[in-house]
Amino acid sequence: MSRSAHPAGPRHADVLPEGHYAAPPADLNALDAKVWAQTVSRDGDGVVTVGGIPVTRLAEEYGTPAYVLDEADFRARARAWRGAFGTDADVFYAGKAFLSRAVVRWLHDEGLNLDVCSGTELVTALSAGMPADRIAFHGNNKSVAEIERAVEAGVGRIVLDSFQEIVRVAHIAQSLGKRQRVQIRITVGVEAHTHEFIATAHEDQKFGIPLAGGQAAEAVRRALQLDGLELIGIHSHIGSQIFDMSGFEVAAHRVVGLLRDIRDEHGVELPEIDLGGGLGIAYTSADDPREPHEIAKALTEIVTRECESARLRTPRISVEPGRAIVGPTAFTLYEVGTIKPLDGLRTYVSVDGGMSDNIRTALYDAEYSVALVSRTSDAEPMLVRVVGKHCESGDIVVKDAFLPADLAPGDLIAVPATGAYCRSMASNYNHALRPPVVAVHEGKARVIVRRETEDDLLRLDVG
Ligand SMILES: *Cc1c(COP(=O)(O)O)cnc(C)c1O
């Protein structure tokens with residue numbers, strides 16, 4: 001029988017699921033700094049605190065489930081990326097990871113730029129005072145209305161994703177009497193995930209214009225001819241949750257090759273290159289992400305070396321980290337509702353949220369860790385699967401982890417590293433009310449995105 005034949009995992013206790021922790025951690029009360037936000041620790045009573053506030057107080061005041069975000073950590077990470085790349089490069093935070101007006105203000109304060117991929121992300125950014133020229137607009141199917149809005153607002157760049165969009169943006173810019181700064185997103189045949197990447201000639205995906213078959217070169221040819229466009233550079237984004245820099249190496253080599261061909265054919269050296277985002281974070285203690293300064297050094301060296309050998313001036317580099325900035329800064333706080341030991345298998349721990357607040361486990365088979373945060377415990381470790389309250393057996397938050405065997409209904413548990421792609425991908429499945437995002441900073445907590453209410457939901461249902 002296949003080890004994964006049963007949807008809930010192995011049938012036999014002696015067959016551990018793939019990717020399972022080999023053994024329980026030495027100390028179940030310990031909080032690995034790699035996966036928890038910077039200011040998280042336990043107080044004298046064993047209660048986890050963040051920004052100096054006990055989670056028990058946060059649960060009382062704001063309810064559960066709730067995303068709790070460490071503002072100091074967010075700012076520190078944003079600053080670290082900004083500092084690592086210096087003033088000769090640009091850091092665009094990928095807003096799709098998690099966007100709110102407070103976040104936009106923090107980014108603005110810390111000198112970062114912002115990527116948006118929809119008209120409504122753009123509105124959020126503008127309404128929080130992000131200057132339009134620090135915003136980049138992405139997407140493989142931007143509507144005419146979205147493009148008009150972006151051009152009118154004066155966004156710093158639109159990243160062109162198709163041949164249709166090249167003429168569409170050019171036409172809109174021209175009819176508004178503007179010349180829009182654009183990059184062309186190309187696919188270089190590199191797909192990177194975690195510790196592996198695949199380099200091919202072709203890439204089978206919806207984003208970007210393939211370098212293969214001269215398509216990217218043709219896109220450049222057309223963009224250079226259109227009065228409404230100012231082509232400033234080439235864009236490449238190769239994947240997500242990447243730890244290994246060699247995928248970027250191949251991508252940079254191929255992008256610089258295109259820049260060289262452009263120079264040879266048109267006599268223009270494009271001034272910018274964007275290498276996208278996708279840098280990995282630690283979801284569990286097994287992950288070892290790199291520091292921003294290491295990433296900056298590696299990327300800058302790669303591009304500089306490739307440009308030297310192509311005899312090109314080194315373009316201005318930009319990067320677009322989303323997860324690497326916001327991911328580690330938040331955890332999801334849940335209350336335990338039911339505990340169901342399945343003999344010889346594992347114990348199912350049900351929480352008051354689930355796939356509506358974290359779809360990543362179901363969608364990507366993502367790994368998370370979990371800890372008891374309302375108290376410490378000396379009980380033995382028990383193998384658990386943390387599940388939600390939704391009508392779906394795939395409603396899993398944490399596939400396999402250990403919690404103390406004396407876990408009881410009413411205990412608070414928290415899943416760290418949920419700052420990215422959790423609230424932003426949250427749904428109303430089973431008419432769940434999407435949880436709030438509570439930002440904590442220096443002993444103060446405030447709601448930056450409030451919890452949905454029954455009225456919010458019913459308002460949309462017009463009968
Ligand atoms: C999603 C995305 C990013 C951010 O990816 P992370 O994994 O969050 O760093 C950056 N650039 C583009 C074009 C993207 O689509």
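Source: prediction; values computed, not measured. Just follow the structure's listing: the first ligand is 1, and inside any ligand the first atom is 1.
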More than 12 heavy atoms of other groups within 6.0 Å of Lys444 NZ:
no
Centroid separation under 6.0 Å, is that true for the rings of Tyr93 and Phe74?
yes
Which residue and non-hydrogen atom of the protein lie closest to atom 1 (C) of ligand 1, and at what distance in Å?
Lys96 NZ, 1.2 Å
Say whether Gly278, considering both its backbone and side-chain N or O atoms, lies within less than 3.5 Å of an N or O atom on ligand 1.
yes
Atoms in ligand 1 flagged as close to Pro321, the criterion being non-hydrogen separation under 4.0 Å
9 (O)
Among Leu403, Asp400, Ile413, the one residue meeting side-chain contact (heavy atoms from CB on, under 4.5 Å) with Val384:
Leu403
Any N or O of Ser240 closer than 3.5 Å to N or O of ligand 1:
no
Students should be able to answer this: which protein heavy-atom is nearest to atom 8 (O) of ligand 1, and at what distance?
Tyr421 OH, 2.5 Å
Short list, please: which atoms of ligand 1 are under 4.0 Å from a heavy atom of Arg323?
6 (P), 7 (O), 8 (O), 9 (O)
Would you say NE2 of His171 has more than 12 non-hydrogen atoms from neighbouring residues, nucleotides or ligands within 6.0 angstrom?
no
Below 4.0 Å, non-hydrogen atoms only: which portion of Ala94 touches ligand 1? Side chain, backbone, both or neither.
side chain
Any ion pair linking Arg105 and Asp109 (charged N to carboxylate O, less than 4.0 Å)?
no
The test is salt bridge (Lys or Arg N to Asp or Glu O under 4.0 Å); show your working for Arg82 and Glu110 and say whether it passes.
CA-CA 8 Å; Arg82 185 68 283 227; Glu110 303 298 343; over 6 Å; no
I need the atoms of ligand 1 closer than 4.0 Å to a non-hydrogen atom of Glu320, numbered in the order shown.
3 (C), 4 (C), 9 (O), 10 (C), 11 (N), 12 (C), 13 (C)
Are any of the N/O atoms on His235, whether in the backbone or the side chain, positioned under 3.5 angstrom from an N/O atom of ligand 1?
no
Pair Asp365 + Lys399, salt bridge at N-O below 4.0 Å
yes
Quick look: Phe207 vs ligand 1, heavy-atom contacts under 4.0 Å, and the answer is neither
When the ring centroid of His138 is compared with that of His235, is the distance short of 6.0 Å?
yes
Is there side-chain contact between Asp274 and Glu320, with at least one heavy-atom pair below 4.5 Å?
yes
Closer than 4.0 Å to some heavy atom of Arg185 - which atoms of ligand 1 meet that?
13 (C)
Enumerate the atoms of ligand 1 whose separation from the nearest heavy atom of Gly277 is less than 4.0 angstrom.
9 (O), 10 (C), 11 (N)
For ligand 1, does His237 get within less than 4.0 Å through its side chain, its backbone, both, or neither, judged by non-hydrogen atoms?
side chain
Could you tell me whether some N/O pair between Gln241 and ligand 1 is separated by less than 3.5 angstrom?
no
Output yes when the distance from some N or O of ligand 1 to some N or O of His138 is under 3.5 Å, and no in every other case.
no
Any chance the side chains of Ser369 and Thr284 put a donor and an acceptor closer than 3.5 Å?
no
